[in-house]
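Structure, as structure tokens:
As the structure lists them, so they are numbered: ligands from 1, and atoms in each ligand from 1.
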Amino acid sequence: MGLFGNQKQEKEKLPAPRHIAIIMDGNGRWAKKRALPRTAGHAAGAETFRRIANYCRTLGVEYLTVYAFSTENWRRSQEEVSGIMKLLHSYLLEALQDMEKNHVRFRFFGDLTRLSPELQELCRKAEQISSQYHEVQVNFCLNYGGRDEIVRAARAFAQEVADGKRQPQELTEEAFGKYLYSAEVPDPELIIRPSGEMRTSNFLLWQSAYSEFVFMDVLWPDFGEKDLDAAIAEYHRRNRRFGGV
Ligand code: FPP
């Protein structure tokens with residue numbers, strides 16, 4: 001390699017991170033700009049999810065975690081909530097049909113008990129049938145909240161202490177991770193939030209301790225492959241030191 005590096009190599013894309021997480025934000029504004037109902041924005045957002053999930057696979061991303069419905073999203077109108085649930089329902093039906101072809105593993109982070117029994121059943125089936133696949137994993141955050149996840153984990157550990165199964169001093173950061181929805185999933189290296197908002201909105205609070213956040217101005221339905229490339233390039237420009245020097 002010459003003094004200024006290998007030009008060809010520098011132009012080539014750097015590898016994608018192992019785990020990318022995305023807050024799929026801006027569907028409502030996208031719809032409003034077009035004088036469409038908010039549900040049309042979510043439908044367009046679901047299409048973007050399909051396209052970006054495929055692209056992640058091409059790039060060799062092993063884990064893709066998406067914020068599909070938060071614990072706060074129940075405050076939206078009944079029409080909007082049921083629109084999002086319908087989109088999830090049809091996506092999961094399709095995913096179950098294509099499972100043998102696609103080999104994608106599905107996990108669901110969140111309290112699913114508030115979802116309809118049909119949707120719960122689809123989630124359970126998708127998780128169970130796909131547990132044999134280990135190439136790519138999609139984690140859907142559904143009725144998910146980062147604080148809620150931490151409180152539930154703390155409660156589960158406290159219960160084991162109360163039952164005499166554990167000692168309080170056994171709780172380490174590593175041990176605590178096993179009580180979270182994300183048990184056995186490595187933390188995301190990169191978290192992307194499109195739509196111009198710059199906050200975490202209760203997403204992966206524990207897991208994002210050392211993640212690189214990339215905030216982008218594009219609305220989620222307009223988010224394309226080139227935007228993902230740009231976010232990955234930005235991630236590589238950052239110097240990740242994990243508190244070291
Ligand atoms: C945030 O945008 C988005 C949501 C609350 C829902 C995300 C859901 C989907 C993309 C569909 C899920 C289905 C599949 C198959 C992935 P917003 O509504 O808050 O947008 P706004 O801030 O512009 O109003």
| field | Distance-only N or O hit between ligand 1 and Ile84, under 3.5 Å | value | no

| Between Tyr181 and Phe140, ring centroids under 6.0 Å | no

| At what distance is the nearest protein heavy atom to atom 10 (C) of ligand 1, and which residue and atom is it? | Asn27 ND2, 3.4 Å

| request: For atom 13 (C) of ligand 1, find the nearest protein heavy atom and state the residue, atom name and distance (0.1 Å precision). | output: Leu88 CD2, 3.7 Å

| Which heavy atom of the protein is the closest neighbour of atom 4 (C) of ligand 1, given with residue, atom name and distance? | His42 CE1, 3.8 Å

| task | Determine, for Arg237 against Glu212, whether the closest basic-nitrogen to carboxylate-oxygen distance falls under 4.0 angstrom. | result | no

| task | Answer yes or no: does an N/O atom from Asp25 fall short of 3.5 Å to an N/O atom of ligand 1? | result | yes

| Heavy-atom proximity to atom 18 (O) of ligand 1, best of Glu197, Glu47, Lys32, Arg76 | Arg76

| With sequence neighbours left out, what residues match Glu127 under side-chain hydrogen bond (donor to acceptor under 3.5 Å, both in side chains)? | none

| Purely on distance, is any nitrogen or oxygen of Arg50 under 3.5 Å from one on ligand 1? | no

| Which residue holds the protein heavy atom closest to atom 22 (O) of ligand 1, what is that atom called, and what is the gap in Å? | Arg29 NH2, 3.0 Å

| message | Please check if the number of heavy atoms outside Gln78 that lie under 6.0 Å from its CD is greater than 12. | response | no

| Is it true that the NZ or CZ of Arg76 lies under 6.0 Å from the centre of Trp74's six-membered ring and within 45 degrees of the ring axis? | no

| query | Nearest protein heavy-atom contact for atom 5 (C) of ligand 1: which residue, which atom, what distance? | reply | Asn73 OD1, 3.4 Å

| message | What I want to find out is whether Arg38 reaches Glu79 closely enough, with some N-O distance under 4.0 Å, to be called a salt bridge. | response | no

| note | Members sharing Leu87's hydrophobic cluster, built from side-chain contacts under 4.5 Å between Ile, Leu, Val, Met, Phe, Trp and Tyr, are none

| remark: heavy-atom search around atom 1 (C) of ligand 1 in the protein gives Met24 O, 3.2 Å

| query | If you measure from atom 16 (C) of ligand 1 to every heavy atom of Phe49, Tyr91, Trp220, which option wins on shortest distance? | reply | Phe49

| said: With a cutoff of 4.0 Å, is Gly26 in contact with ligand 1, counting heavy atoms of the residue only? | reply: yes

| field | Centroid separation Trp220 to Phe49 less than 6.0 Å | value | no

| Which protein non-hydrogen atom lies closest to atom 24 (O) of ligand 1, naming both residue and atom, and how far is it? | Arg38 NH2, 2.9 Å

| Do the charged groups of Glu225 and Arg51 touch, with an N to O distance under 4.0 Å? | yes

| said: Parallel, tilted or perpendicular: which one describes the rings of Phe157 and Tyr179, with boundaries at 30° and 60°? | reply: perpendicular

| query | When you measure from atom 8 (C) of ligand 1 to every protein heavy atom, which one gives the shortest distance, and what is it? | reply | Ala68 O, 3.5 Å

| Counting from 1, what ligand 1 atoms have a heavy atom of Gly28 closer than 4.0 Å? | 17 (P), 18 (O), 20 (O), 21 (P), 23 (O), 24 (O)

